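Since this is a predicted model, take the numbers as computed values, not measurements. In what follows, every chain begins at residue 1, and chains take the letters A, B, ... in the order their sequences are listed.
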2 protein chains.
Amino acid sequence: MKYEAVTIKDIAKALGLSTSTVSRALRDSHEISAKTKSLVRNYAKDLNYRPNPIALSLKEKRSHSIGVVVCEIANSFFSQIINGIESIAYDKGYNVIISQSHESYSREVLDVDYLASRSIDGLLISVSTETNNFGHLQKLHEQGLPIVFFDRIINEIQTHKVTVDNFSGAYDATRHLAAEGYRRIANVSGSDYLTNTRERIAGYREALHDSRLPYDEQLIKYCIHGGKQYEEVEEVLDQLFALPEPPDALFSSADKITSHCMRYLKMKELKVPEEVGIVGFSNQAMTELLNPPLTIVKQPAFEMGRIAIEMLLQLIESKKPVKQFEHKVLPTELIIRDSSTGKIK
Amino acid sequence: MKYEAVTIKDIAKALGLSTSTVSRALRDSHEISAKTKSLVRNYAKDLNYRPNPIALSLKEKRSHSIGVVVCEIANSFFSQIINGIESIAYDKGYNVIISQSHESYSREVLDVDYLASRSIDGLLISVSTETNNFGHLQKLHEQGLPIVFFDRIINEIQTHKVTVDNFSGAYDATRHLAAEGYRRIANVSGSDYLTNTRERIAGYREALHDSRLPYDEQLIKYCIHGGKQYEEVEEVLDQLFALPEPPDALFSSADKITSHCMRYLKMKELKVPEEVGIVGFSNQAMTELLNPPLTIVKQPAFEMGRIAIEMLLQLIESKKPVKQFEHKVLPTELIIRDSSTGKIK
DNA sequence: GTGAAAGCGCTAACAA
DNA sequence: TTGTTAGCGCTTTCAC
């Protein structure tokens, strides 16, 4: 059951006017007399008239909704991004419709299709860790749907993008570990489909090089599912620590993975930072209260969300097709705490 | 700019049929010949025809969108709830439109108004910590908008509700602290406008009584802003520890407040659990990795979201007005860890 | 300054 | 079995 809203027709009938007059009066058209205008507007206010946004959408072919696809809402990094998105969208009168891929490619395809079929005005997406094929997005992009990528982007699609400086984030973290005396720094990364992962590994490599540390491929591990389950991370860590020369430090390149690494170290009773140092990408709350306080690479998530939606609105509201695209790269912040600063020399 | 979607009209024209025939063929109406049907459907598939949901909404007076209002998305408890909501909504073909009140009453009113004006089919809301007036919701409720309350409810509005057993959650936590030998158990709560808070305080009181511990009003502190800022919690804790007989344990009754309490104890270098024990409501990740591992009252957040949306869909999809309302109460779980189990006897 | 009518995409009652 | 028409709520051209 649903209540019946007041329509322009109701007002017109009650006031003995035509719907067009009412419409114009409400939109403050200059061709309506002051008297009629105030009559209509007062009456509308009394009845708490609200224009039906669906009717408007049908007319304007604009839904004032934007779709957002992330892997998980319940991941601090992404919820902070959504927070940033929502903060702007709300002010500009746009709805935010959220979907989660749960790191599944097929679910992402469904999400995107579903959103597209709901006539969104634009799409904000951070692809799933499994995504290495982008036909589903390419298709929509070619049809003219405004899309902005954030965090996990598809380089092949020409549109606005916003990421952090993954290379530097990883570089700084690794350099820091090296400076603290760690020599066997392992890299626990997400899926290597992601540009993120590749850039972070590049930064890590460069830092090893600049620290005159050898690059050992055995120390790089990928979590194809992005560390969704603890077991995935556990497995690669088991491999790492079973190495003849096990790592003395971990650099983890994603929120989820970082948490699982901490959990692992605790369960295995490995002393942090004496036996194993750790630095990870993380936007979790309370990392400073962990045991030991965790050194993190923090991303400006809220800011990223803000920028992404602003870029999208620019695309949506631009009169002429946008041909010049921007890729904004935000800085990360290395916050040094105890987890990485106590190697036994 | 926006791409032009294929419409029924396009198909009708191309095939030399009327729009109604096409419409009926697509909806698999029995009154259409098999031949026409397959003709239309194949052609539609080729063109990747998608019914325009806005047109459908206008016709059916149903938007297939539901509004959700929470205080903060970037709060684990709420993001887990949203996760639960989304999981069901998606399957049933409903959009989830999210708004945040940021714990502000006036913002909540705006959010609710905005959502209502966007012709949502129903509303899921957990009120802000400042909300002690419910006219904005009452109005919509009277107009027939289906509403379901979760977590922070308004008792005065007759509709479905889902909460946890706040009384028992608080009772168990307090009993546990008492059993561990803590004698001056302070209660750091949210706003006393919230039924949550009142129930948790009642549980706390009963537990004190059952543990033969005196009830001391000085030990109860409210955070009217729900502990949104650290400073708010800091202030009440300063008061508590400045007492002639300061507390030897804290029971915190909200996620945000719990985190701030931990932060405070760390900053003041109070030894947990020896000098001060602590138990808090929390759905944060990694509480077991804190220093010390935190004893928590955990809420079934995902479940709560699932149930809330199911109740709402029942309301929305019910043919006749629903008169019998349900208030589901879910159990909490006390997870005992080191933060509450080490009092110096 | 105001009204009539068409149209956005779709469905459904009514005709044929 | 298929087509015609009206209508959901709104805006906007075209008349008056």
Side-chain angles (χ1 to χ4, degrees), chain A residues 1-41 43-44 47-65 93 116-121 143, chain B residues 1-41 43-44 47-65 93 116-121 143:
Chain A
M1 62 142 302
K2 197 63 203 302
Y3 70 102
E4 297 297 321
V6 181
T7 72
I8 274 193
K9 214 167 155 183
D10 299 330
I11 300 179
K13 202 174 294 173
L15 264 37
L17 292 167
S18 75
T19 56
S20 33
T21 304
V22 174
S23 169
R24 279 186 278 239
L26 291 170
R27 334 202 77 243
D28 206 11
S29 160
H30 56 272
E31 43 185 6
I32 299 292
S33 72
K35 209 170 76 191
T36 315
K37 235 182 236 181
S38 72
L39 178 70
V40 170
R41 312 193 103 191
Y43 189 73
L47 264 61
N48 192 27
Y49 166 79
R50 306 298 209 114
N52 179 331
I54 302 212
L56 279 174
S57 296
L58 186 59
K59 191 111 245 285
E60 296 175 13
K61 296 168 177 270
R62 296 257 315 261
S63 64
H64 283 272
S65 304
S117 81
R118 299 296 309 214
S119 47
I120 49 170
D121 292 343
Q143 289 175 341
Chain B
M1 62 141 304
K2 197 66 199 305
Y3 71 102
E4 296 297 322
V6 181
T7 72
I8 274 193
K9 215 166 154 184
D10 299 329
I11 301 180
K13 202 175 294 172
L15 265 34
L17 294 166
S18 76
T19 56
S20 38
T21 305
V22 173
S23 169
R24 279 185 278 238
L26 290 170
R27 332 199 78 241
D28 205 12
S29 159
H30 55 272
E31 42 185 7
I32 299 292
S33 72
K35 210 170 77 189
T36 315
K37 232 182 237 179
S38 73
L39 179 70
V40 170
R41 310 192 104 193
Y43 189 75
L47 263 63
N48 192 29
Y49 166 80
R50 306 295 211 114
N52 180 330
I54 302 213
L56 279 174
S57 297
L58 185 59
K59 189 115 243 283
E60 295 175 15
K61 296 169 177 270
R62 296 257 315 263
S63 63
H64 283 270
S65 304
S117 81
R118 299 296 309 212
S119 47
I120 48 170
D121 292 342
Q143 288 176 341

**Message:** Quiz question: going by heavy-atom distance under 3.5 Å, is there a donor-acceptor pair between the base of D:dT13 and the side chain of A:R24?
**Reply:** yes
**Prompt:** Under 4.0 Å between a side-chain N or O of B:K35 and OP1 or OP2 of D:dT1?
**Reply:** no
**Prompt:** For DNA chain D, whose closest nucleotide is more 5', that of B:T36 or that of B:K59?
**Reply:** B:T36
**Item:** Nucleotide nearest B:T21 (side chain, heavy atoms from C-beta), chosen from D:dG3, C:dG3, D:dT5
**Value:** D:dG3
**Request:** Among D:dC10, C:dA5, D:dT4, find the nucleotide with the atom closest to the side chain of B:S20.
**Result:** D:dT4
**Complete:** The nucleotide from D:dT11, D:dT2, C:dG9 with an atom nearest the side chain of B:A55 is C:dG9
**Prompt:** Under 4.0 Å: is that the gap between some side-chain N or O of B:S23 and OP1 or OP2 of C:dT11?
**Reply:** yes
**Item:** Set of side-chain contact (heavy atoms from CB on, under 4.5 Å) partners for A:L47, sequence neighbours left out
**Value:** A:V6, A:Y43
**Complete:** Against the side chain of A:N52, the closest entry in C:dC8, C:dA4, D:dG9 is D:dG9
**Message:** Under a 3.5 Å distance rule, please check whether A:S63 uses its side chain to pair with a backbone N or O of A:S119 as donor and acceptor.
**Reply:** yes
**Request:** Provide the closest heavy-atom pair for A:A44 versus A:I11 in the form atom of the first, atom of the second, distance.
**Result:** CB-CD1, 3.9 Å
**Message:** How many whole angstroms separate atom NZ of A:K9 from atom C1' of D:dG7?
**Reply:** 7 Å
**Prompt:** Do any side-chain nitrogens or oxygens of B:S33 fall under 4.0 Å of OP1 or OP2 in D:dT1?
**Reply:** no
**Heavy-atom pair with the smallest gap, counting every atom of B:I54 and A:L58** = CG2-N, 3.6 Å
**Request:** To the nearest Å, give me how far apart CZ (A:R118) and P (C:dC10) are.
**Result:** 14 Å
**Request:** By nearest nucleotide on DNA chain C, pick out whichever of A:V22 and B:E31 is the more 5' one.
**Result:** A:V22
**Request:** Would you please confirm or rule out a distance under 4.0 Å between OP1 or OP2 of D:dG9 and any side-chain N or O of B:K61?
**Result:** yes
**Asked** So which nucleotide from D:dT4, D:dC8, C:dG9 ends up closest to the side chain of B:T7?
**Response** C:dG9
**Asked** Sub-3.5 Å donor-acceptor pair from the side chain of B:S117 to the main-chain atoms of A:R50, do we have one?
**Response** no
**Prompt:** Once you build an axis from the first five pairs and another from the last five of the helix from C:dG1-D:dC16 to C:dA16-D:dT1, how far apart in angle are they, to 10 degrees?
**Reply:** 60°
**Asked** Which listed nucleotide (C:dT11, D:dC10, C:dA4) is nearest to the side chain of A:L56?
**Response** D:dC10
